[in-house]
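See structure below.
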Amino acid sequence: MAAPKRGRSASAQSKPGRSLALILIAIVALTGGMFLSGHTTPRLGIDLAGGTSITLKAKADQGSAINKANMDTAVDIMNRRVNGLGVSESEVQTQGNDNIIVNIPKGTNSKEAQEQVGTTAKLYFRPVLASEPSGAAAKTPSPSASSGGSSSPKPGTSPSPATSSKEKASSSGSTSPTASATSQGRAVSDALKADSTPSPSASGSGKPSGSPSATPSASASGGSNAAAKLQAQYAALDCTKASDRANAGKNAKPGDSTVACGQINNAWYKYLLGPAAVDGTEVKKAQAVFDTQGAAGWQVQMTFTGGGAKKFADITGALAKNQPPQNEFGIVLDGEVVSSPYVSTAITGGQAEISGSFKQEEAQSLANMLSYGALPLSFQEQSVTTVTAALGGEQLRAGLLAGAIGLALVVIYLVVYYRGLSIVAMASLLVSAILTYVIMALLGPAIHFALNLPAVCGAIVAIGITADSFIVYFERIRDEIREGRSLRPAVERAWPRARRTILVSDFVSFLAAAVLFIVTVGKVQGFAFTLGLTTVLDVVVVFFFTKPLMTLLARRRFFADGHKWSGLDPKSLGAKPPLRRTRRPAGPVAGPADPKEA
């Protein structure tokens, strides 16, 4: 059995360069990916970058269960609201089974954030009075085309109530500015006079700003002023600007006409909307279904409550008499038009379908908005933490200083106690630090990992865990030298024993980190994640760098001869005399062995 062992040992000793080359290639590849991605620094968390962190706890008091589907839906809706604040790098994510963490960096107003994310969303069906492309798209009007390529209803056709509304994807070309302004002014005046439905058009041009040809009747002075103000807001609205989208229709009441923005086929449109005709709470159910009988593809089916069905029948009946775009109703969620289907006939019976060659994801997204325009769960605010950028910078500097002090103490200990072997330990720590930094930088854009203060603490603790693995291996080598072996066989014989100890130790650390990550909520997860990541990297570095490097150094005379500054001096370690193999004397009787060669 000795020969195979010697063969494996010789093979392992002769090819340490392969492992070193492998880890070097991995470092180069990861570093190159980091620079190519443009994210050369780890993404900082809320406590280091500054901003607002809000923790919300779900409550099942709206007839909905606290489950993954409802929590994910709530995250999607909250994410829309946070993005509506014009904040970059904001995060909305679930923590545990019933908590949502909203992180808004860069010192965003915490009061506004609290009002946006924790309250129930508002969903309304509003009649469209005017609509047109906004920004650069408005300069090049294009023919009407619906989502998936279909346009307005074909002449002479009358869709059945089951398919009486279709999704409009883009508007027709607009009229001239003078005519548009005039028609917009008339539309606003009519909207302010109406209770919940737009005035039927006597005739229409078939264009987005189409309006009745008859001049409007005289109105009160207050109504004229309100109409003029709303017309000015609509004319000045540029939905390609995030600031305009955030302020469009802000604080508008359900009974008031308003302006809003909506995105259709990656192009922004601005809308002039009448008073809310149907409240989103009157949608009893909405679901995405695939039409297997016809060519409509994916559709969104809506079912209204009793009161909602009557209101919807009234508004669709009035809209069906108008010309585009005043035969459309805007589905408005949190002030943004998420869909604007047109109507060709009154929809009765409390059921309707929105079709238009949807993709599956688009249909499901719209169905979710209609079903959960209001959050599926109510949330109780647990905590709100506001951290200034200056305070975050101080915390980061303090954390880095603590890490530097801890690293310096470890290095001093290694140099004093292990002398030459400290070179191996410091090189291994450097490789581990490079891998940790690069991977953290890549995980920022990949999985939205943010380096917060607890995560920095986890990295500092990992210094001790990594150094502990080197110490275990070094002590095993020293034990072999104390037994009288030379360095090269000592390095190979010590490795299996040290390897088992290192793996068990790292497994316990990783298991603790995994349990901590699963059961904790909030920033403590950053500590657990970093601890687990560095523990895995410790195994990689010890196996693919520390052990091969030690094998190569064992061939150098400075270490092999046991120089007093190598940390492997046999005399200082109290080594026994060298072990030598004995030969059995030939013949049936063997004499006593020399005690020195036992």
Quick one: does any side-chain atom of Asn70 pair with a main-chain N or O of Ile66 as donor and acceptor, under 3.5 Å? no
Value rounded to 0.5 Å, distance of OG1 in Thr466 from CG in Leu537: 8.5 Å
Do Val461 and Phe527 touch side chain to side chain, with heavy atoms closer than 4.5 Å? yes
Once the angle between the rings of Tyr418 and Tyr413 is folded into 0 to 90°, is it parallel (under 30°), tilted (30 to 60°) or perpendicular (over 60°)? perpendicular
Taking all heavy atoms of Lys547 and all of Val491, pick out the closest pair and write down the distance. CE-O, 4.5 Å
Please check if the distance between the ring centroids of Trp565 and Phe559 is under 6.0 Å. no
Does a side-chain heavy-atom distance below 4.5 Å link Ile54 with Ile101? no
Decide if atom CZ of Phe35 counts as having more than 12 heavy atoms of other residues, nucleotides or ligands within a radius under 6.0 Å. no
Return yes if some donor-acceptor pair links the side-chain N/O of Ser566 with the main-chain N/O of His563 below 3.5 Å, else return no. yes
So how far is it from Leu549 CG to Ile423 CD1, rounded to the nearest 0.5 Å? 9.5 Å
Let me see the working for Leu421 and Leu414 under side-chain contact (heavy atoms from CB on, under 4.5 Å), right down to the final yes or no. CA-CA 8 Å; Leu421 286 178; Leu414 291 173; over 6 Å; no
Okay, side chain of Arg43, backbone of Phe449: is any donor-acceptor separation there less than 3.5 Å? no
So do the side chains of Pro42 and Tyr437 get within less than 4.5 Å of each other, counting heavy atoms only? yes
Validate the cation-pi geometry between Arg476 and Trp495: distance from NZ or CZ to the six-membered ring centre under 6.0 Å, angle to the ring axis within 45°. no
Under 4.0 Å between a side-chain nitrogen and a carboxylate oxygen: does that hold for Glu492 and Arg485? no
Contact check, side chains of Val539 and Leu503, non-hydrogen atoms, under 4.5 Å: yes
Counting C-beta onward and ignoring hydrogens, is there a side-chain heavy-atom pair between Leu516 and Val524 closer than 4.5 Å? yes
Could you measure the distance from the CG atom of Leu443 to the CG atom of Leu533? Nearest 0.5 Å is fine. 6.5 Å
Let me confirm one number: the OG1-CG distance from Thr94 to Asp98, rounded to the nearest 0.5 Å. 10.5 Å
Taking all non-hydrogen atoms of both residues into account, name the closest pair between Ala462 and Thr534 and its distance. CB-OG1, 3.0 Å
Could you grab the distance from atom CD1 of Ile23 to atom CD1 of Ile25, nearest 0.5 Å is fine? 11.0 Å
Run Asp538 and Ser469 through side-chain hydrogen bond (donor to acceptor under 3.5 Å, both in side chains) and show every step you take. CA-CA 8 Å; Asp538 174 48; Ser469 299; 2.7 Å; yes
Any side-chain heavy-atom pair from Val541 and Leu435 closer than 4.5 angstrom? yes
Might you point out which heavy atoms bring Ser428 and Thr546 nearest each other, and give the distance in Å? OG-OG1, 2.8 Å
Would you please test Ile465 and Leu531 for side-chain contact (heavy atoms from CB on, under 4.5 Å) and show each step? CA-CA 9 Å; Ile465 295 176; Leu531 183 61; 3.5 Å; yes
Side-chain touch Leu568/Ile477, heavy atoms, less than 4.5 angstrom: yes
Can you check side-chain contact (heavy atoms from CB on, under 4.5 Å) on Tyr473 and Met550, steps first, answer last? CA-CA 10 Å; Tyr473 186 31; Met550 197 65 221; 4.0 Å; yes
His39 versus Ala441, closest heavy-atom pair with distance: O-CB, 3.6 Å
Keeping Asp238 on the side-chain end and Thr240 on the backbone end, is there a donor-acceptor pair under 3.5 Å? yes
Rounded to the nearest 0.5 Å, how far apart are CZ of Phe507 and CZ of Phe510? 9.0 Å
For Gln382 and Leu56, indicate whether the former's side chain and the latter's backbone hold a donor-acceptor pair under 3.5 Å. no
Would you sort out whether Asp468 and Ser505 count as a side-chain contact (heavy atoms from CB on, under 4.5 Å), showing the intermediate values? CA-CA 9 Å; Asp468 182 63; Ser505 176; 4.0 Å; yes
Counting only heavy atoms not in Phe544, do more than 12 sit closer than 6.0 Å to its CZ atom? no
Using the ring of Phe474 (Phe, Tyr or Trp, six-membered ring only), decide whether Arg419 places NZ or CZ under 6.0 Å from its centre and within 45 degrees of its axis. no
Which atom names give the shortest non-hydrogen contact between Pro548 and Phe543, and what distance separates them? CD-O, 3.5 Å
Would you say Asp72 has more than 12 foreign heavy atoms packed within less than 6.0 Å of its CG? yes
For the backbone of Gly526 and the side chain of Thr530, can you confirm whether one donor and one acceptor N or O come within less than 3.5 Å of each other? yes
Within-4.5 Å side-chain heavy-atom neighbours: Leu451 and Met440: yes
Search all heavy atoms of Leu20 against all heavy atoms of Phe545 and return the closest pair with its distance. CD2-CD1, 3.6 Å
Indicate yes or no: does Glu480 engage Arg497 in a salt bridge with an N to O separation below 4.0 Å. yes
